[in-house]
Amino acid sequence: VNHPPWILKLIQLFETQRVRHGMMALGPSGAGKTICIHLLMKAMTDCGEPHREMRMNPKAITAPQMFGRLDVATNDWTDGIFSTLWRRTHKAKKGEHVWLVLDGPVDAIWIENLNSVLDDNK
């Protein structure tokens, strides 16, 4: 699509993902966020940098299910869904880029937890 505002959004997304390890694409349903992400990932793959995504809906689960929980009786850690996906990204083939896409409404609680996780993993 040769639409200057759309191309600008793709460029902004590209530049942001180059300097950040966590970013958000916000907008109403049907605004084109997913298409923009997929188009950028396809273009980067076509340019020789393979990209793929793992997608989840953070509002469909609780915070402990998302990030994990510590059993205080045994001191054992159980990974949550996000933690498991995060670990899988580190097992990706060399040169392959994996995006963890949290697709759903932004909630103050899970976004604060995610922000803490991203800050701790810089």
Side-chain angles (χ1 to χ4, degrees):
V1 176
N2 189 10
H3 184 63
W6 178 257
I7 293 169
L8 176 61
K9 290 299 173 195
L10 282 168
I11 292 168
Q12 290 170 340
L13 183 62
F14 171 77
E15 290 174 344
T16 302
Q17 67 85 34
R18 285 293 189 204
V19 297
R20 302 270 186 236
H21 63 273
M23 60 185 178
M24 294 179 71
L26 298 172
S29 296
K33 300 175 298 290
T34 299
I35 297 299
C36 188
I37 290 167
H38 287 167
L39 185 59
L40 179 59
M41 288 180 14
K42 182 181 179 335
M44 294 175 77
T45 297
D46 291 348
C47 288
E49 292 185 26
H51 280 70
R52 64 183 175 93
E53 74 173 30
M54 291 186 209
R55 182 176 291 266
M56 65 177 284
N57 180 353
K59 290 293 285 181
I61 55 177
T62 65
Q65 290 171 324
M66 182 168 171
F67 297 109
R69 65 176 59 95
L70 180 66
D71 184 327
V72 293
T74 63
N75 209 30
D76 288 335
W77 176 259
T78 302
D79 276 343
I81 296 168
F82 182 82
S83 306
T84 300
L85 293 176
W86 185 283
R87 289 185 197 281
R88 286 183 188 166
T89 65
H90 295 287
K91 296 178 182 175
K93 298 173 188 168
K94 185 174 175 83
E96 180 182 39
H97 305 275
V98 181
W99 290 19
L100 297 180
V101 178
L102 307 183
D103 191 4
V106 176
D107 176 88
I109 295 170
W110 73 257
I111 200 66
E112 185 61 37
N113 290 333
L114 178 63
N115 193 33
S116 295
V117 168
L118 292 175
D119 282 346
D120 291 344
N121 286 288
K122 280 187 179 178

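Quick note: numbers below take in every heavy atom, side chains included, and nothing from hydrogens, waters or symmetry partners.
Residues forming a salt bridge (charged side-chain N to carboxylate O under 4.0 Å, His left out) with D46 (at least two apart in sequence, or on another chain): K42. Considering only residues two or more places apart in sequence or on other chains, S83 meets the side-chain hydrogen bond (donor to acceptor under 3.5 Å, both in side chains) condition with none of them. For R52, the side-chain hydrogen bond (donor to acceptor under 3.5 Å, both in side chains) criterion is met by E96, not counting sequence neighbours. For H38, there are no ring-ring contact (aromatic ring centres under 6.0 Å, His included) partners, not counting sequence neighbours. Residues that satisfy the side-chain hydrogen bond (donor to acceptor under 3.5 Å, both in side chains) test with D76, not counting sequence neighbours, are T74.
Among residue pairs with one or both ends in residues 80-94, those qualifying as salt bridge (Lys or Arg N to Asp or Glu O under 4.0 Å) are D79-R87; sequence neighbours excluded. Screening residues 11-29 for salt bridge (Lys or Arg N to Asp or Glu O under 4.0 Å) gives R18-E49 as the qualifying pairs, with residues at least two apart or on separate chains.
Classified by interplanar angle (parallel below 30°, tilted 30° to 60°, perpendicular above 60°), the ring pair F67/F82 is perpendicular.
Not one N or O on the side chain of T78 forms a donor-acceptor pair closer than 3.5 Å with the backbone of G68.
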Show me the donor-acceptor pairs within less than 3.5 Å that the side chains of residues 25-37 make with the rest of the protein, sequence neighbours left out.
residue: K33; atom: NZ; partner: G27; partner atom: O; Å: 2.9
residue: K33; atom: NZ; partner: P28; partner atom: O; Å: 2.9

Show me the donor-acceptor pairs, under 3.5 Å and distance only, between side chains in residues 98-108 and residues at least two apart or in other chains.
residue: D103; atom: OD2; partner: R55; partner atom: NH1; Å: 2.6
residue: D107; atom: OD1; partner: K59; partner atom: NZ; Å: 3.0
residue: D107; atom: OD2; partner: I109; partner atom: N; Å: 2.9
residue: D107; atom: OD2; partner: W110; partner atom: N; Å: 3.3

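Between K9 atom NZ and L40 atom CG the span is 14.0 Å, to the nearest 0.5 Å. Here the CG-CG distance, from L13 to L8, works out to 11.0 Å after rounding to the nearest 0.5 Å.
Remark: of the listed residues Q12, H97, M44, M44 is the sole one forming a side-chain contact (heavy atoms from CB on, under 4.5 Å) with Q17.
With a 4.5 Å cut-off between side-chain heavy atoms of Ile, Leu, Val, Met, Phe, Trp and Tyr, the cluster of W77 takes in L70.
Within the 4.5 Å cutoff, the side chain of I11 has heavy atoms near those of the I7 side chain.
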- Task: Walk me through it: do M23 and T16 pass the test side chain to side chain contact (heavy atoms under 4.5 Å, CB included)?
- Result: CA-CA 7 Å; M23 60 185 178; T16 302; 3.8 Å; yes
- Task: Apply side chain to side chain contact (heavy atoms under 4.5 Å, CB included) to the pair L39 and W6, showing each step before the final yes or no.
- Result: CA-CA 11 Å; L39 185 59; W6 178 257; 3.7 Å; yes
